[in-house]
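Residue numbers begin at 1 in each chain, while the letters A, B, ... track the order of the sequences. Since this is a predicted model, take the numbers as computed values, not measurements.
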Protein chains: 2
Amino acid sequence: MPRKVTSFDVARLAGVSQPTVSRALRNLPGTSPGTRERVLEAARELAYVTSDRGRSLSMRSTQRIAIVSEELTNPYYPELVEPLRRELAHRGYRTVLVADHADGNPVGLDALTDGSYDGVILTTTRRRSPLPRDLTERGVPHVLANRLLDQPEASCCGIDNAAGARQVSDLLAALGHERIGVIQGPVDTSTGKERAEGLAAGLRGRGIGVRRELTRQAPYTHDAGRAAAHELLRLGRPPTAIVCGNDVVALGVLSAARERGISVPVDLTVIGFDDIPMAGWPLVALTTVHCDLQALARMTVELLMDRLENPDRAPVERRIRPSLVLRGTHAAVRGDGRVPPPAAVS
Amino acid sequence: MPRKVTSFDVARLAGVSQPTVSRALRNLPGTSPGTRERVLEAARELAYVTSDRGRSLSMRSTQRIAIVSEELTNPYYPELVEPLRRELAHRGYRTVLVADHADGNPVGLDALTDGSYDGVILTTTRRRSPLPRDLTERGVPHVLANRLLDQPEASCCGIDNAAGARQVSDLLAALGHERIGVIQGPVDTSTGKERAEGLAAGLRGRGIGVRRELTRQAPYTHDAGRAAAHELLRLGRPPTAIVCGNDVVALGVLSAARERGISVPVDLTVIGFDDIPMAGWPLVALTTVHCDLQALARMTVELLMDRLENPDRAPVERRIRPSLVLRGTHAAVRGDGRVPPPAAVS
DNA sequence: GGCTTTTGTGTATACGTATACCTGTCAACA
DNA sequence: TGTTGACAGGTATACGTATACACAAAAGCC
């Protein structure tokens, strides 16, 4: 087993000193073309790769960004992480995913502050999470993506959830729905709170009230959405439409409807939020609110770069405007007229 | 902005030398209880966190394992990564996800050999990928999970795909299907090859032939499965059952069937492979082959630990046995008798 | 109470790279 | 031809931790 090859080995083979190797390999000025060529040749021959540990220690920078997220089994987050990764790679940073709740314990603050990362992107932060403040105190640059804090302690980039919810309420009003069920997300998340409040406000503006007995709260999972939907659908007078905290919950509602033999959209309208790819599959054809995660990622990374360069600047907040996507799970309330056809044959 | 606090700062505050701090914080023998207490107190007061860069450089070990995988937007991989992460965390390792094809280029070999990781787990390797050999040459311990190589160059842990495919063929034969469509995975993946061959062998054993005109090949995506299914379903005599390379492809087939107004399972039986969580949703209720990814992860990590401790031992191969899961997308061929009911109401 | 053995802690150094600084060479210029 | 300056490349050191080794003090032994 050959010992790991270092820049000293390359230097010896090329007949130069170690710093010259460092300069030549990075194309810094102050190296003659001939020497540079000899160094490159030697490095190639030895299959030399610069040690990330040595470089990081010496440069006081790892060129790595941590993305903190709940388990990736929620299909929304890979969709958010991928454009973030791409955007960061484009700027020369590697991305590292850090699980939010490793085996039940909250995220290890130490793991984020041990110098492994130049910055942190938080994606599943709760409204009152102490994590951003902790990171600030320890001097780790960070921004929030997707979710926001109650207090503007950090720069953040989110979706304009109120605007999205308003579009949903406009659609439901236009379709004549009045008994509207709501399965909102967790209230300790900004998305859960903003979407629920935006929907209530939008419906109120159309003269429609949201009734407490038709409202449920569920974490962002299929099973929670399914369970909540069963509760609503077995009521004496079930809702004619169910608005969900996000798409995954909406998929749970569709599962519940399937189990009860309720036809969507004929007997029940279901609306999601996020527009994950699955929502666009003909099998699902979910009417939902589309969020441009490319734009969200671009803006988030921009904000992070700003934090890295100007750590003391005041935090800012940005919003991406979403748009309604009409697919196959909405229809006018029964007896009210025509029903849109299901997805067309391609 | 306070300068990053080091073990020297802690040492000064505690009135000891830097090495004593190192020893005390790690509970090494050779430190008196009184001194240890003073050091811990000082570390707490300064909110000291051991620098990962310094420790890694000094210890020649990062306690990090890289998991190389295609984009996480394929729902299978988060399901595999999560138990791997858990298993590795249990043994004191952090996990880092490395994208297989960052922006189109093959995975950066340098990124895996720059000393950032103590070992590598490859999850989406092709049958003839040069990556394992390269890693061996550069002395980076590694194992394969899920997929295998043609040449046994590395330790690996996979599913017994042939056994799973045989169970599928037994089921189809029992249901009376004879015109069987196959949408197999990429032939340059071991999973694609083994499942297709296993199915053909199993059916042949039951006196059923797999016809070339009913066979398609598709990458492991929903859209590819959907397109292939449309091809098969618009044939003059379409198949009565379609066996898919994996669940995601099967979901594409279900989408295509929905688009064409074909009823599953009455008019078409669809079989997947993997049993991703989505397959169990009542909305989908996919009949498929279940793979125990917990077991796969446990075995994989075991193999990797063995590589870390005995780098020169010969590679080994392990297989996890899968099992058929009967849900709602299979039925006896039409006109043959009774049809199993769809999923029951809960 | 002299001897060895153990124990606690400090000193020196390694890990692999990057960079401030210094030196020597050579071209340009008067 | 002596002076200046640019430039190539070497020397020394920093980054933050871990550990081999030295050394002094304390403890055990007769």
Side-chain angles (χ1 to χ4, degrees), chain A residues 2-40 42-43 46-64 92 110 113-118 138-139, chain B residues 2-40 42-43 46-64 92 110 113-118 138-139:
Chain A
R3 201 176 46 67
K4 185 76 189 160
V5 37
T6 74
S7 55
F8 282 95
D9 300 321
V10 178
R12 197 174 316 119
L13 182 58
V16 297
S17 71
Q18 177 268 328
T20 298
V21 172
S22 173
R23 286 185 285 249
L25 290 183
R26 289 180 302 147
N27 278 323
L28 290 187
T31 316
S32 73
T35 305
R36 190 195 317 280
E37 199 42 61
R38 283 214 317 287
V39 170
L40 289 177
L46 296 176
Y48 169 74
V49 179
T50 303
S51 160
D52 182 73
R53 303 197 289 247
R55 185 206 297 131
S56 293
L57 187 57
S58 185
M59 306 240 295
R60 303 152 190 66
S61 152
T62 59
Q63 294 297 103
R64 282 170 212 266
D110 286 1
T113 54
D114 68 359
S116 297
Y117 313 108
D118 292 350
R138 306 229 193 163
Chain B
R3 201 176 47 65
K4 184 77 189 161
V5 37
T6 75
S7 56
F8 283 96
D9 301 320
V10 178
R12 196 173 319 119
L13 182 59
V16 297
S17 72
Q18 177 268 327
T20 298
V21 172
S22 173
R23 286 185 284 249
L25 290 182
R26 290 180 303 147
N27 277 324
L28 290 188
T31 314
S32 73
T35 306
R36 190 196 317 280
E37 199 43 59
R38 283 213 319 286
V39 170
L40 289 177
L46 297 176
Y48 169 74
V49 178
T50 304
S51 160
D52 182 71
R53 304 196 290 247
R55 185 206 297 130
S56 293
L57 187 58
S58 185
M59 306 239 295
R60 303 154 192 64
S61 151
T62 59
Q63 294 296 105
R64 283 169 211 267
D110 286 1
T113 53
D114 68 359
S116 298
Y117 314 109
D118 292 350
R138 307 229 193 163

**Item:** Earlier contact from the 5' end, DNA chain D, for B/S51 and A/T31
**Value:** A/T31
**Request:** Give a yes or no answer on whether the side chain of B/S58 reaches the backbone of B/G54 with a donor-acceptor pair at less than 3.5 Å.
**Result:** no
**Request:** For B/L25 and C/dT9, give me the distance from atom CG to atom P, rounded to whole Å.
**Result:** 14 Å
**Request:** Mind calculating the distance between CG (B/L57) and C1' (D/dC15) to the nearest angstrom?
**Result:** 9 Å
**Message:** Tell me the interatomic distance from A/R12, atom CZ, to D/dG10, atom C1', rounded to whole angstroms.
**Reply:** 16 Å
**Prompt:** Rounded to whole angstrom units, what separation is found between the CG atom of B/L46 and the C1' atom of D/dG16?
**Reply:** 15 Å
**Item:** Rounded interatomic separation in angstrom, taking CZ from A/R55 and C1' from C/dA18
**Value:** 11 Å
**Separation of atom CE in A/M59 from atom P in D/dT13, rounded to whole Å** = 22 Å
**Message:** Any base atoms under 4.0 Å from B/S32, or only sugar-phosphate, or nothing? Heavy atoms, all strands.
**Reply:** sugar-phosphate
**Request:** Would you mind classifying the nucleic acid contact of A/V16 as base, sugar-phosphate or nothing, using non-hydrogen atoms under 4.0 angstrom?
**Result:** sugar-phosphate
**Prompt:** Between B/G15 and A/V49, which has a closest nucleotide on DNA chain C that is more 5'?
**Reply:** B/G15
**Item:** DNA chain C: 5'-proximal contact among B/S17 and B/G54 (nearest heavy atom)
**Value:** B/S17
**Prompt:** Looking for any heavy atom pair under 4.0 Å, which part of the strands does A/R23 touch: base, sugar-phosphate only, or nothing?
**Reply:** base
**Message:** Under 4.0 Å from OP1 or OP2 of D/dA18: is there any side-chain N or O of B/S22 that close?
**Reply:** yes
**Request:** Please determine if a side-chain N or O atom of A/S58 lies less than 4.0 Å away from the OP1 or OP2 oxygen of C/dT17.
**Result:** no
**Request:** Go through A/R26 and A/S22 one step at a time and tell me if the side chain to side chain donor-acceptor pair (under 3.5 Å) criterion holds.
**Result:** CA-CA 6 Å; A/R26 289 180 302 147; A/S22 173; 3.2 Å; yes
**Message:** Counting the atoms with a prime plus P, OP1 and OP2 as sugar-phosphate, which does A/S56 contact under 4.0 Å by heavy atoms, base, sugar-phosphate, or nothing?
**Reply:** nothing
**Request:** Name the nucleic acid region contacted by B/P19, choosing base, sugar-phosphate or nothing; use a 4.0 angstrom heavy-atom cut-off, strictly under.
**Result:** base
**Request:** Would you mind classifying the nucleic acid contact of A/T35 as base, sugar-phosphate or nothing, using non-hydrogen atoms under 4.0 angstrom?
**Result:** sugar-phosphate
**Asked** D/dT17 phosphate, OP1 or OP2: any side-chain N/O from B/S7 under 4.0 angstrom?
**Response** yes
**Prompt:** Separation of B/R53 atom CZ from D/dA18 atom C1', in whole Å?
**Reply:** 17 Å
**Prompt:** Starting at CG of A/L28 and ending at C1' of C/dT19, how long is that distance when rounded to a whole Å?
**Reply:** 10 Å
